[in-house]
Each structure stands twice: as C-alpha cells, then as structure tokens.
Protein chains: 2
Amino acid sequence: MYCNKNNYRMNNARFAISLHILTLLDKAKEELLSSDYIAGSININPVLVRKELSNLRNHGFVASKEGKNGGSYLAKPAHSILLSAVYLSVRQNNLLGTSKNTPNPHCPVGKQINTHLNNLYEATEAALIKELSGKSLAEFSMKFD
Amino acid sequence: MYCNKNNYRMNNARFAISLHILTLLDKAKEELLSSDYIAGSININPVLVRKELSNLRNHGFVASKEGKNGGSYLAKPAHSILLSAVYLSVRQNNLLGTSKNTPNPHCPVGKQINTHLNNLYEATEAALIKELSGKSLAEFSMKFD
DNA sequence: TAAAACTGTAATAAAATATATTACAATATA
DNA sequence: TATATTGTAATATATTTTATTACAGTTTTA
C-alpha cells in the first residue's frame with residue numbers, strides 16, 4: 001500500500017498522455033497492461049506513465065494490480081468516461097496561462113486585471129469543457145482501426 | 001526600420017500580457033504609452049513588452065512611433081478587436097498540449113493517436129475560439145473602473 | 001520460499017522553455 | 001546635438017517538464 005501526493009504543475013502533454021493510456025486500456029479489454037508496455041507505445045519514460053496512472057486511479061478511471069503479472073485496466077466502462085472528466089483530472093492551471101505576475105497595484109488597470117482575466121478564463125474554460133463533455137472515451141477509442 | 005522574426009514557442013502568459021497591453025492602450029485613448037510604462041503596470045521586463053508589441057503590431061492591433069516621446073497606441077477601434085483574434089495572434093501550440101513524442105509506430109494505437117488527438121484538439125479549440133469571438137477588447141476594457 | 005516481474009514513489013539529473021537582462025543601433029524630438 | 005524612445009539580438013537566469021536512477025512493497029510461480 002502506498003500513499004502519494006503528486007504535484008505536477010502545468011497543462012503540458014498530460015492530457016494527451018492520459019488519453020493515450022486510456023485508449024490502450026480500452027483496446028486491451030480484460031487484459032492488464034504494464035506501465036512498461038504503455039510507455040513503449042507512447043514512447044515516454046515508464047515512471048511518467050506510472051505517475052499518470054496514479055492520477056487516473058485517484059480519479060477512478062483505472063485500477064491497477066501490483067506484483068508479478070500486474071498492470072492496469074479500466075475501472076469503469078469507456079462510455080462513462082467523458083473527455084471533459086479526463087481534462088479536469090489533469091488540469092492544474094488556467095487554460096490561457098495565469099500570469100504569476102503581481103501587476104502594479106497603483107495602476108488602475110494592473111490593480112484589476114487579474115480579476116477580469118480570471119472571469120474571462122472561467123467562461124472560456126467552461127466552453128471548452130462543454131465541448132469535451134460531448135465525447136466519451138468509447139467514442140474516441142472507436143476511431144482507431 | 002526594422003525587420004524581425006519572433007519565435008516564441010508556448011502558450012504561456014502571452015495572452016494575459018497582450019490583453020493587459022491592449023487594455024492599457026485603450027484606456028490611454030490618444031496618448032502614446034512607452035514600453036517602460038506598460039512594463040511597469042504588468043510588472044515584467046520592458047523587452048518582453050516590446051516583443052509582444054511587435055507581435056500585436058504585426059497583427060494590426062497596435063501601431064508604434066519611434067524616437068523621443070514615442071510609444072504605442074491602438075491601430076483600430078477597441079470594439080473591432082475580438083478576443084479570439086488576440087488569442088490567435090499569440091497562439092503557437094495546440095491548446096491541450098501537443099505531444100512532441102513520436103509514439104511507437106508498431107503499436108496500433110500509437111500509430112494513429114496523433115491524428116485523432118489533432119482532430120479532437122481542433123474541435124476543442126474551435127469551441128474556445130467561438131466563445132472568445134463573442135467578446136471584444138472594448139467590452140473587456142469597459143469592465144475596469 | 002526464493003526468484004522474478006511487477007507497481008509505487010522519492011530523489012535527482014537533464015532538457016526544454018520562459019523570462020530577464022544587457023547592449024546597442026536606429027529614429028524622432030526638442 | 002543631447003535625450004528619450006523603439007527594435008532587436010545575444011546572453012543569462014529561472015522555471016518547468018521530462019527522464020533517469022534507485023529501491024521498497026506486492027504478487028505470482030517455479
């Protein structure tokens with residue numbers, strides 16, 4: 001048994017990696033896939049795959065079995081995994097990039113910019129999530145020959 | 001006269017910076033703002049502001065005057081600058097992060113994943129752009145006291 | 001029961017990217 | 001002609017991402 005706290009930071013390739021993993025697991029049906037096998041398909045380091053699997057597990061998308069002949073598998077039907085949920089599981093930052101800047105508080109624009117940017121970002125991200133929520137892993141996976 | 005080719009890479013804080021700049025210019029009305037002044041409001045390095053101004057200029061949003069007492073100003077009315085256009089002007093990468101990976105071509109999933117990811121990204125980004133196209137710089141700028 | 005093949009995670013290193021800084025030529029103004 | 005400013009290149013620093021190394025904990029199976 002392990003207890004972990006992962007701390008990624010950005011919106012990088014994580015969505016792509018997670019979706020790749022989930023698609024492989026869906027295609028594998030009952031069969032368990034090892035992180036090494038998955039890493040070989042994505043062509044990234046196996047440790048990154050395990051970290052991503054850890055996150056996907058925490059969100060209830062996959063389950064893993066430890067030990068010899070262990071591996072991972074989908075923990076719920078692919079049609080019940082919406083791409084919006086996958087996005088939200090890897091999302092850390094605001095989509096359009098948060099300015100970690102502390103704008104000049106003496107400037108009337110600088111003083112309020114972060115509030116207004118955040119409002120804009122929320123609306124924008126909501127549109128994106130809505131779009132993704134119209135697609136499930138099953139639909140995505142089905143596109144592959 | 002200068003001739004430049006800028007080569008940023010990522011979707012970082014550029015959207016926020018550009019919108020901050022544009023808002024300042026809109027508020028300044030006829031007055032020219034120097035890159036040092038703008039940098040002071042955003043609280044970033046003036047050279048970054050000039051690079052961003054260069055990009056905004058290339059896209060026809062702003063114009064600049066060189067020499068003493070020079071500076072920048074909006075090149076077109078704020079209501080005609082859609083936030084989607086600003087987004088597109090700073091956009092470089094795919095929104096959800098392109099995997100620069102070369103997935104395993106021997107894996108049936110790896111072989112096709114980039115095609116399907118790109119299709120998904122296009123649809124997703126289209127939704128985001130549509131949302132942003134409903135807002136103009138004028139509307140954004142108006143929110144400030 | 002011990003070797004083997006896994007997972008889980010921490011720690012560290014390397015690579016990539018973003019941001020800041022320095023420098024200076026070109027340009028316009030006063 | 002001095003000054004303030006833009007435009008841009010080159011370089012340095014900081015931050016973030018990705019890879020690597022290492023190893024303890026789990027299961028399976030010989």
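All heavy atoms count here, side chains included; hydrogens, waters and symmetry mates do not. Proteins come first, then strands; the chains are lettered A, B, ... in the order of their sequence lines, and each starts at number 1. Remember, it's a predicted structure, so these values are computed and weren't measured experimentally.
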ask   = Can you name the side-chain contact (heavy atoms from CB on, under 4.5 Å) partners of A39(A), sequence neighbours left out?
value = P46(A), V49(A)
query = Would you say R57(A) reaches dG8(C)'s phosphate, i.e. side-chain N/O to OP1/OP2 under 4.0 Å?
reply = yes
ask   = Is the shortest side-chain N/O distance from K65(B) to OP1 or OP2 of dT29(C) below 4.0 Å?
value =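 Yes, because at least one side-chain N or O of K65(B) sits under 4.0 Å from OP1 or OP2 of dT29(C).
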request  = State which of dA19(D), dT21(D), dT19(C) makes the closest approach to the side chain of V47(A).
outcome  =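 Given the options dA19(D), dT21(D), dT19(C), the side chain of V47(A) is closest to dT21(D).
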task = Taking atom CZ of F144(A) as the centre, report whether more than 12 heavy atoms of other residues, nucleotides or ligands fall under 6.0 Å from it.
result =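 Count over threshold, so yes.
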Residue pairs, two or more places apart or on separate chains, that pass salt bridge (charged side-chain N to carboxylate O under 4.0 Å, His left out) and touch residues 27-41 of chain B = D36(B)-R50(B)
inquiry  = Test: salt bridge (charged side-chain N to carboxylate O under 4.0 Å, His left out). Region: residues 127-145 of chain B. Which pairs qualify, not counting sequence neighbours?
reply    =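 Matches after skipping sequence neighbours: E131(B)-K135(B).
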Take the protein atom [atom1] of [X] and the nucleotide atom [atom2] of [N], then report the distance between them rounded to whole Å.
X      : N       : atom1 : atom2 : answer
K51(A) : dT21(D) : NZ    : C1'   : 12 Å
L53(B) : dT5(D)  : CG    : C1'   : 13 Å
N55(B) : dG7(D)  : CG    : C1'   : 14 Å
E52(B) : dA20(C) : CD    : C1'   : 15 Å
R14(A) : dT16(D) : CZ    : P     : 15 Å
L48(B) : dG7(D)  : CG    : P     : 15 Å

message = Less than 4.5 Å apart, side chain to side chain, heavy atoms only: is that true for S136(B) and L82(B)?
response =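 The answer is yes; the side chains approach within 4.5 Å.
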ask   = Any side-chain heavy atom of L120(A) within less than 4.5 Å of one from L19(B)?
value = yes
inquiry  = Test question: given the 4.5 Å side-chain rule for I, L, V, M, F, W and Y, name all other residues clustered with L32(B), or answer none.
reply    = Y73(B)
Which atoms of nucleotides 2-5 of chain C (N or O only) lie under 3.5 Å from a protein N or O atom, and what are those distances?
| unit_1 | atom_1 | unit_2 | atom_2 | d |
| --- | --- | --- | --- | --- |
| dA5(C) | N3 | K68(A) | N | 3.3 |

inquiry  = At a heavy-atom distance below 4.0 Å, what parts of residues 26-45 of chain B sit against DNA chain C?
reply    =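 Result for residues 26-45 of chain B: I44(B), N45(B), sorted by number.
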task = For S72(B) and for R50(A), locate the closest nucleotide of DNA chain D by heavy-atom distance; then report the residue assigned to the nucleotide nearer the 5' terminus.
result =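 Counting from the 5' end, the first nearest nucleotide belongs to S72(B).
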ask   = With under 30° as parallel and over 60° as perpendicular, where do the rings of F140(B) and H116(A) fit, or are they tilted in between?
value = perpendicular
request  = Let me know which of L117(A), V109(A), N114(A) forms a side chain to side chain contact (heavy atoms under 4.5 Å, CB included) with H20(B).
outcome  = V109(A)
